[in-house]
Number of protein chains: 2
Amino acid sequence: MGIQRKTSTIGLLLDQFKKSNQAIAAVELVDRLKEKVNKTTVYRALERLEDDGLVHSFLDRDGIKRYAICQDCNKDSHVHDHPHFQCTNCGKVDCLEEASVNIPKISGRTIHKTDVLLQGICETCSV
Amino acid sequence: MGIQRKTSTIGLLLDQFKKSNQAIAAVELVDRLKEKVNKTTVYRALERLEDDGLVHSFLDRDGIKRYAICQDCNKDSHVHDHPHFQCTNCGKVDCLEEASVNIPKISGRTIHKTDVLLQGICETCSV
DNA sequence: CTTACTTTTGCAACTGTGTTGCATTAAAAT
DNA sequence: ATTTTAATGCAACACAGTTGCAAAAGTAAG
């Protein structure tokens, strides 16, 4: 349904995304805002942000829902073909906007969505 | 820890995988065997099968754990770089053993595991 | 075939993420 | 200021998967 009203929850969430370029777990956002906003509200506000193309969501290696800022999306066009990277050491997740993954044609099947989750060691953890 | 004893649970599970080439949800297996085996036992037996390289597991679009037969794995070598395909209409999931996805090098990060979940319409549903 | 040893199982209770229904609050339009 | 309806809080729920522990069942040894 998208965002109809500018509420404080929406503002607080956008602030969180501005602080870093990482994909943040929904539970993490619930926790960060727990003094100010109810968890149901956080989940529902994230849905609205996603409907409007401001953020996109995906599941990480643990099946936990994560949200990250969108670069060039809006209410009508959401394209998220970029892979995501999760560090197996620190657990952080990044969008790899610059990397493109080539998906081969699969006979008999029509592909509409591609989810790529790469796992390994990030720069910070590889010292 | 792997399989130490040939139990009926292990046999029942392998039978299920022999029936089709699809990736079966753990909950689905629990349900199929619910008259014969306790759900905890199913989860633990699947773990053992995976340890021995007989099956591999991954999360589907809903974050549900699915298991599928391995082609050429064993206790020491598990390689599962093939993509998985989930039909958005019927929900079925297949291993695309033949398709290979090309993952670009990512500067500063070492990739150890690649999970690719393609979503779209399968042959049966596209009529 | 009996015994001893250890893996596997069943049960019950629990975790954790995410969802639902409903009454209340608060944007925003009139 | 009043009305409208989106957004919120709360409590209860849903559901996949896990844990601890006692009982059962493989397996090897005698």
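Numbers restart at 1 for each chain; the letters A, B, ... are given by sequence-line order, proteins then strands.
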5' precedence on DNA chain C between B/Lys39 and B/Lys6 (nearest-nucleotide basis):
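This one resolves to B/Lys6.
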In terms of heavy-atom contacts, does CD of A/Glu123 have more than 12 from other residues, nucleotides or ligands at under 6.0 Å?
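No, because the 6.0 Å sphere around CD of A/Glu123 holds 12 heavy atoms or fewer from other groups.
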B/Asp15, CG: over 12 other non-hydrogen atoms inside 6.0 angstrom:
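More than 12 within 6.0 Å, yes.
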Spacing of [X] atom [atom1] relative to [N] atom [atom2], expressed in whole Å:
{"X": "A/Lys36", "N": "D/dA7", "atom1": "NZ", "atom2": "C1'", "result": "18 Å"}
{"X": "A/Lys34", "N": "C/dG16", "atom1": "NZ", "atom2": "C1'", "result": "15 Å"}
{"X": "A/Asn38", "N": "C/dG21", "atom1": "CG", "atom2": "P", "result": "16 Å"}
{"X": "A/Glu47", "N": "D/dA7", "atom1": "CD", "atom2": "P", "result": "11 Å"}
{"X": "B/Asp31", "N": "D/dA16", "atom1": "CG", "atom2": "C1'", "result": "13 Å"}
{"X": "B/Asp60", "N": "D/dG17", "atom1": "CG", "atom2": "C1'", "result": "14 Å"}
{"X": "B/Ile64", "N": "D/dT18", "atom1": "CD1", "atom2": "P", "result": "12 Å"}

Just checking [X]: base, sugar-phosphate only, or nothing, at a heavy-atom cut-off of under 4.0 Å?
{"X": "B/Ile10", "result": "nothing"}
{"X": "A/Ala26", "result": "sugar-phosphate"}
{"X": "B/Val30", "result": "nothing"}

Counting only side-chain N and O atoms of [X], is one of them less than 4.0 Å from OP1 or OP2 of [N]?
{"X": "B/Thr9", "N": "C/dT9", "value": "yes"}
{"X": "A/Arg44", "N": "C/dG21", "value": "no"}
{"X": "B/Thr7", "N": "C/dT8", "value": "no"}

Looking only at the side chains, is there a donor atom on one of A/Glu50 and A/Ser57 sitting less than 3.5 Å from an acceptor on the other?
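On atom types as modelled, these side chains qualify, holding a pair under 3.5 Å.
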Tell me whether the side-chain N or O atoms of B/Arg5 pair up with the base of C/dT6 as donor and acceptor below 3.5 Å, since no angle test is needed here.
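When only heavy-atom distances are counted, B/Arg5 does reach the base of C/dT6 through a donor-acceptor pair under 3.5 Å.
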Mark yes or no for a side-chain to base donor-acceptor pair under 3.5 Å between B/Thr40 and D/dT19, with no hydrogen or angle criteria applied.
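Answer yes: a donor N or O sits under 3.5 Å from an acceptor.
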Quick check against the 3.5 Å criterion: does A/Asp60 have a side-chain atom that pairs as donor or acceptor with the backbone of A/Asp62?
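Looks like yes, one N/O pair under 3.5 Å.
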Could you work out which one of D/dG17, D/dG9, C/dG18 sits closest to the side chain of A/Tyr43?
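From the listed options, C/dG18 comes nearest.
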With respect to the side chain of B/Arg48, which nucleotide from C/dG18, C/dT8, D/dT8 is positioned closest?
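Closest nucleotide to the B/Arg48 side chain: C/dT8.
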Are A/Ile24 and A/Phe58 grouped together when hydrophobic residues (ILVMFWY) are joined by side-chain heavy atoms under 4.5 angstrom apart?
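No, no single cluster joins them.
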